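Chain identifiers are assigned alphabetically (A, B, ...) following the order of the sequence lines, protein sequences preceding nucleic acid strands; residue numbering begins at 1 within each chain. Any value given below was found using the heavy atoms of this structure, including those in side chains, with hydrogens, waters and symmetry copies removed. These figures come from a predicted structure and were not determined experimentally.
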Amino acid sequence: MTSGTLTPPRKERAAPDSPRPTRSRRKPFLAPYLFVAPFYIVFAAFGLYPLVFALQLSFTDWKGAGRANFIGLENYTYLLTSEEFWSSLGNSAVMWLLIVPLQIVGGLAAAVLLANARLRLRGMFRVAFIAPFVTPLVAMAQVWIVAFDTDYGLVNHLFNLVGLPDIDWLQSTVWAKPTLALLFLWKTTGFAIIILLAGLQAVPGDVYEAAALDGASRKRQFWSLTLPLVRRSIAFLVVVQTLAVFQMFAEPFVVTQGGPYGSTTTGGLYLYNHILASDLGTGAANSFLLVLLVFALSLLSVRLLRSRDE
Amino acid sequence: MSRSFVPRRSVLRGALGAGALAAAAGPLAACAPGSSGSEPRKLTGTPSASAKGEITIWNRSGDLFKVFDAAIDAFRKAYPDIKVNHQAVDIDAKLANTLISGTDLPDGSFWDDAKIGGQAEHLYDLTDLIAPYRDKTSAYKLSVNTVDGRIYGVPWDLDPGLLWYREDLLEDAGVDPAGLKTYDDLLAAARSLREKNPKARPLHMEKDPFLGQLWLEMLAGQQGTSLADADGQVRLDSKEYRNILNWVRDAVDDDLVTHAEYLKQADLAALENGQQALVPWAVWWSFAPQQLLKKGKGKWRAAPLPAWTPGGARSGAMGGSSFIIPAKAKNPELAWLLYEFLCFKEPGYSAVYGPSEVYPGGLTTSVPSYGPARRPDKPLFEPVAALGGQDLWKVAVDAADTIPSAAPIPAWWAKSVDYLGNNLQRLIEGKMAPDDVIDDSTKKIQRNLVDRA
């Protein structure tokens, strides 16, 4: 005989077909999905779907109208054996060299200065650095075109005043890239300064106090404390600006149209040129090759940072 | 520690589901890039004079828009029951996309001849409607609007090439403009001008790659050829192109060239100070003495281009536009009525080229492509004071009559500037030889444009 007390009262057990507990279990299960659904729907419609569509397009010869024929890897092999494609990547690489190291060094110097509470007119300097970042690029590009015009530009006028000859800033293969790089620097260095300033302000003050007590000079504090402690901010900037430089489009599009002789046709502009020529399949393949390249470069930067941390 | 309300496995399952959804969307998306080709739509019926309705017409903004606006007013008077919404639009930026997407289309639009061939599948085939006017229309304009034997644009303006020269400087140098009959004569004249003025670089050569290539095509068209044949195959490797490129090299080697961008500061300065005295260019260069030059105003004149061979054609076309009717236009017949009026009916073309509020002496930057509108004895615009009162109309229509027929302009033409236009610049800068320009441009155009068209 078994004791009746060991068996739980029947009324406390949920009946398998009882609607009440099921509903209470489903509610918390569904609610989070419903809350995040708008994001996923928008992401699927405007992020994932275009991505998949573009990937599919990269295997076709679609011209924007008519039949889209599957051509396998032809667009990719065309690009990878194309002089122009490699030249566009080469142009982007040169732009990267002209921009990123200078921006990190200059941005860090400006951020260190702006972080100094004793700096006079600190607010004005901050506004001056950030103003180009929030100014529409096309307006700035127009200023650039006028300022660097060979015949009546302000820059050559100033050069002439000190006895220097005119330079074909935007029409020579030697000078067009540095001139565009300067525009990019002017436009985006404010962003770099914000990131580095945030990194600097996150460094606890007592670290510097301890270093000062130990007799470390300002220079030593910079090399041994500031630089290592903002390394993550620098790495973040390198990744973000690498993405930006390899996708650079508006600057050459407005200022040089990729010329002279394609010397400022960046990866982003070369991609656009395919789209403009209604060669959408090649344009899509080009975009995926750029994605792979930028992904590899970003991975490399992150790996370098990680190995330093280790 | 808080516990996640949604199990990680569920999240992963959800993500996989989204991926599957996206993958499934792929094949569906295949439907989007047009699953089948379509036959060109023919526009055949001409509505009666009592036609009613409303049309939207696109034109470029600027002075020409105002000129067309006035001409459309004349159309409204002739067809009072047709309402015309005349809109100023950035056609280069908008029209191609609109034609492809098929949304918010106008009933008709102004467009560059060079762009019509590339979008023929989105346009009405106007062959039957143009047939009555065909014999009297410039063969050049018909040819550039023809794709596979069908006409897709209503031929509008004809832009003959002319030789612009400084009359006073040629006179000082003892050069008779009437004697400039061949391009060798032109080089000889340039040398004479430089003998008189050592600083002179009398010949203009264009620094902008696009305009430079357009100029090259004018000189090629004068010899009856063009960059592509009727099948779209490159034919740059030819005697005619070698003639031009060798001539350019000779002019450069003799230091006879001002290499500047069309009517930019450096170009204007060289035109004003007498450094440039010979400009082989389209009729629309007349804008310079009329609107931009100060010291040189009244001193420039126009003559036919020299010929490449004695007795050869004395002009070629440089640029030009036509009117198109999108295949999905709502009221294509009414749009045709408007364009027929503007291009082929006397009140229409007179309203455009004749004296107007914008151009009191008439529109002097092109001539009509329709022969009866181009009579030397019935000028549509007046002699030009900025050209010393010269009768530009006569010079331009005489030149227009000699322009040889051409092949349709391939859809890739504008992109070929990246190769041919740039290489022409390298030739003018002395960095490339004529044969290298031909070989390199042909190879790259073939690989990057023709093979992928």
Side-chain angles (χ1 to χ4, degrees), chain A residues 28-33 36-37 40-41 43-45 47-57 60-70 74-75 78 81-85 149-153 166 168 171 173 257-263 265 270 273-274 276-282, chain B residues 4-7 10-11 14-15 18-19 21-38 96-97 99-102 118-119 121-122 207-210 260-261 264-269 411-412 414-415 417-419 421-423 425-426 431 444 447-449 451-453:
Chain A
F29 179 75
L30 276 180
Y33 287 108
V36 298
Y40 280 107
I41 291 167
F43 173 69
L48 213 53
Y49 173 75
L51 195 73
V52 173
F53 183 70
L55 182 63
Q56 185 198 17
L57 212 57
T60 71
D61 63 355
W62 198 44
K63 303 290 179 195
R67 188 182 290 276
N69 299 308
F70 178 77
E74 199 180 305
N75 289 329
Y78 164 72
T81 55
S82 159
E83 195 183 309
E84 285 81 12
F85 173 71
D149 187 275
T150 309
D151 303 310
Y152 53 95
D166 283 345
D168 264 347
Q171 290 168 353
T173 49
Q257 294 85 49
Y261 307 140
S263 62
T265 301
Y270 184 59
N273 286 342
H274 292 299
L276 190 71
S278 298
D279 191 356
L280 300 181
T282 312
Chain B
S4 170
F5 209 61
V6 183
S10 299
V11 173
L21 190 71
L28 289 176
C31 301
S35 54
S36 64
S38 57
N97 293 339
L99 286 170
I100 290 168
S101 68
Q119 297 291 349
E121 63 185 302
H122 301 297
K207 199 170 185 178
D208 176 82
F210 179 85
E261 274 188 88
K264 289 276 180 75
Q265 204 80 356
D267 191 32
L268 289 174
W412 46 259
K415 282 301 296 169
V417 172
D418 290 348
Y419 313 107
N422 279 346
N423 283 342
Q425 294 305 310
R426 291 184 175 106
K431 294 174 185 164
K444 287 179 175 167
R447 180 177 193 270
N448 296 311
L449 303 176
D451 291 348
R452 301 187 67 74

- [ ] Evaluate the criterion side-chain contact (heavy atoms from CB on, under 4.5 Å) for residue pair Ile100(B) and Lys63(A); output intermediate values, then yes/no.
- [x] CA-CA 10 Å; Ile100(B) 290 168; Lys63(A) 303 290 179 195; over 6 Å; no
Part of [X] lying under 4.5 Å from any heavy atom of chain B:
X         : result
Thr81(A)  : both
Ser82(A)  : both
Tyr152(A) : side chain
Tyr78(A)  : both
Asp149(A) : neither

For the atom pair [atom1] ([X]) and [atom2] ([Y]), what is the distance rounded to the nearest 0.5 Å?
X         : Y         : atom1 : atom2 : value
Ser278(A) : Lys415(B) : OG    : NZ    : 11.0 Å
Asp418(B) : Gln257(A) : CG    : CD    : 11.0 Å
Thr150(A) : Lys207(B) : OG1   : NZ    : 6.5 Å

Open item on the list: Apply salt bridge (Lys or Arg N to Asp or Glu O under 4.0 Å) to residues Lys264(B) and Asp151(A) and explain how you reach the verdict.
Closed with: CA-CA 9 Å; Lys264(B) 289 276 180 75; Asp151(A) 303 310; over 6 Å; no
Open item on the list: Which atoms of Gln425(B) are under 4.5 Å from chain A, going by heavy atoms: the side chain, the backbone, both sets, or neither?
Closed with: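 Its backbone and side chain both get close to chain A.
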- [ ] Name the region of Asn97(B), side chain, backbone, both or neither, that has any atom closer than 4.5 Å to a heavy atom of chain A.
- [x]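 Answer is neither: Asn97(B) stays 4.5 Å or more from chain A.
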- [ ] Kindly indicate whether the side chain of Asp208(B), heavy atoms from C-beta on, has any atom under 4.5 Å from the side chain of Gln171(A).
- [x] no
